[in-house]
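One structure below.
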Amino acid sequence: MALLAPLLRELTAIDLGSCVNLTEWTFFRLAENCPRMEEVRMDITKLGSRFGSGSNFVKKNNRIRFLDISLDNHLNDATLRGIGAVCPELREVVMRHCWRVSDSGIDELGRICPRIRSLDVYGCGSLKNLGSAGGFGELETLRASASKIGDEGLAMAVRRFGERLRVVELECTVVTEEGVGEMMRRCRRLKEVNLKYCRNLCSGGGECFWLARMVFSSPSIRRITLPEHLRSRLTTEKQRELFLRHGCVVR
């Protein structure tokens, strides 16, 4: 790739997924030598295994909008900050199952790349929140299933950027009705919510009114996916028909 990068100046997209020997050095060279690049896919590579090899000396690439760096066991906070610094105009980031990235790294990414609109951190098991640096002000889609984001992390997130959120996937076992209630109050533009594996929702029995409140008080909501243990308990056929008349599919 070192030899090829200078010859790829007209590229607008590249898919290097599963090229397991490529490191962040390749990414930095592509960003520097491909000024028209808008989409980079480097999932299942070794981003992070050679950090320190050049991000401070790479010219920023303001054209890159989409980045997929999923399934990288080497990706860490320092590398993520370097990548963000090189392409600060990112709009969509997919980094599934990057378990070495922490709250601090995501926090810095949101600060450096404030125009990210879609963030997919599915399976990032070290994440408990999205930080507090004030980034992600334009975030509309958050996919954070199988992370450790719980009520506190969810509340911190929706207080900062909840007004813009439209799609939320939080299949997280640590989320309870308290966190969902805060999301409901803060996120007035929500269209889709996936809570499929939130096993702690209403786990203690008793009344659970948040679902009806979410449907009836949020005119934008169109789809809610419930955890298995709540489907029969919270929704009868008549209730689902009533929700559907309000424009929301509950399943």
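- E182 and R159 are joined by a salt bridge, as a carboxylate oxygen and a charged side-chain nitrogen come within less than 4.0 angstrom of each other.
- Between M214 and M183, the closest side-chain pair of non-hydrogen atoms falls below 4.5 Å.
- Closest approach of P114 to P88, counting heavy atoms only: CD-O, 4.2 Å.
- A heavy-atom distance below 4.5 Å is not found between the side chains of N200 and V175.
- Not one N or O on the side chain of D107 forms a donor-acceptor pair closer than 3.5 Å with the backbone of D103.
- Rounded to the nearest 0.5 angstrom, S218 OG and K191 NZ are separated by 13.5 Å.
- Using a 4.5 Å heavy-atom cutoff, the side chains of L22 and F27 are not in contact.
- Inter-residue side-chain proximity for D120 and V93 is flagged as unmet; no heavy-atom pair is nearer than 4.5 Å.
- If you chain together hydrophobic residues whose side chains sit under 4.5 Å apart, L230 and F216 fall into the same group.
- Side-chain contact between K148 and S126: absent, with no pair of heavy atoms (C-beta onward) separated by less than 4.5 Å.
- Side-chain heavy atoms closer than 4.5 Å link hydrophobic residues (I, L, V, M, F, W, Y) into clusters, and following such links, even through other members, never connects V167 to L195.
- A side-chain donor-acceptor contact under 3.5 Å links T176 and D151.
- Atoms SG and CZ, from C87 and F66 in turn, are 12.0 Å apart once rounded to the nearest 0.5 Å.
- R160 contributes a side-chain N or O that, together with a main-chain N or O of G135, makes up a donor-acceptor pair within less than 3.5 Å.
- The minimum heavy-atom distance between V101 and L127, with the atom names listed, is O-CD2, 3.8 Å.
- When side chains are defined from C-beta on, K128 does not count as touching I106, because their heavy atoms never get closer than 4.5 Å.
- With hydrophobic clusters built from ILVMFWY side chains whose heavy atoms lie under 4.5 angstrom apart, I44 does not share a cluster with V94.
- The side-chain tip of R96 points at the ring of Y122 from less than 6.0 angstrom away and within 45° of straight on.
- With rounding to the nearest 0.5 angstrom, the SG atom of C98 is 7.0 Å from the CG atom of L71.
- Under the 4.5 Å side-chain contact rule for hydrophobic residues, M156 and L165 do not share a cluster.
- Side-chain atoms of E24 come within 3.5 Å of backbone N or O of G48 as a donor-acceptor pair.
- In terms of modelled atom types and a separation under 3.5 Å, the side chain of R199 and the main chain of K196 share no donor-acceptor contact.
- Ion pair E138/R117 flagged as a salt bridge, since at least one NZ, NE, NH1 or NH2 atom sits closer than 4.0 Å to an Asp/Glu carboxylate oxygen.
- Under the side-chain contact (heavy atoms from CB on, under 4.5 Å) test applied with S70, the options L67, D68, D72 reduce to a single match, D68.
- Salt bridge absent: E38 and R36 never bring a charged side-chain N and a carboxylate O closer than 4.0 Å.
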| request: Please assess S104 against D77 for the test side chain to side chain donor-acceptor pair (under 3.5 Å), listing each intermediate value before the final yes or no. | output: CA-CA 7 Å; S104 176; D77 293 344; 4.6 Å; no
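- With values rounded to the nearest 0.5 angstrom, E178 atom CD is found 10.0 Å from L154 atom CG.
- For the pair R63/E89, no side-chain contact is recorded, criterion being any heavy-atom separation below 4.5 Å from C-beta on.
- Taking every heavy atom of both residues into account, V158 and C187 meet most closely at CG1-SG, 3.6 Å.
- Here the shortest heavy-atom pairing between E171 and S145 reads N-OG, 3.0 Å.
- Residue A157 comes nearest to L130 through the heavy atom pair CB-CD1, 4.5 Å, listed as atom of the first residue, atom of the second, then distance.
- In terms of modelled atom types and a separation under 3.5 Å, the side chain of N73 and the main chain of L75 share no donor-acceptor contact.
- With hydrogens and angles ignored, the 3.5 Å screen pairs a side-chain donor or acceptor of T45 with a backbone N or O of M42.
- Taking all atoms of both residues into account, the shortest heavy-atom contact from W210 to M184 is O-SD, 3.8 Å.
- One distance of note links CD of E163 with CZ of R189; it measures 7.5 Å at 0.5 Å rounding.
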Fill in: Pair R29-E32, salt bridge (charged side-chain N to carboxylate O under 4.0 Å, His left out): steps then yes or no
CA-CA 5 Å; R29 299 288 78 75; E32 184 175 38; 3.5 Å; yes
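- A donor-acceptor pair under 3.5 Å links the side-chain atoms of R188 to the main chain of S217, judged by distance alone.
- Once rounded to the nearest 0.5 Å, the distance linking SG of C19 with NZ of K46 reads 12.0 Å.
- One hydrophobic cluster holds both L139 and L170 under the rule that ILVMFWY side chains link at heavy-atom gaps under 4.5 Å.
- T79 has its side chain within reach of N76: a pair of non-hydrogen atoms, C-beta onward, lies under 4.5 Å apart.
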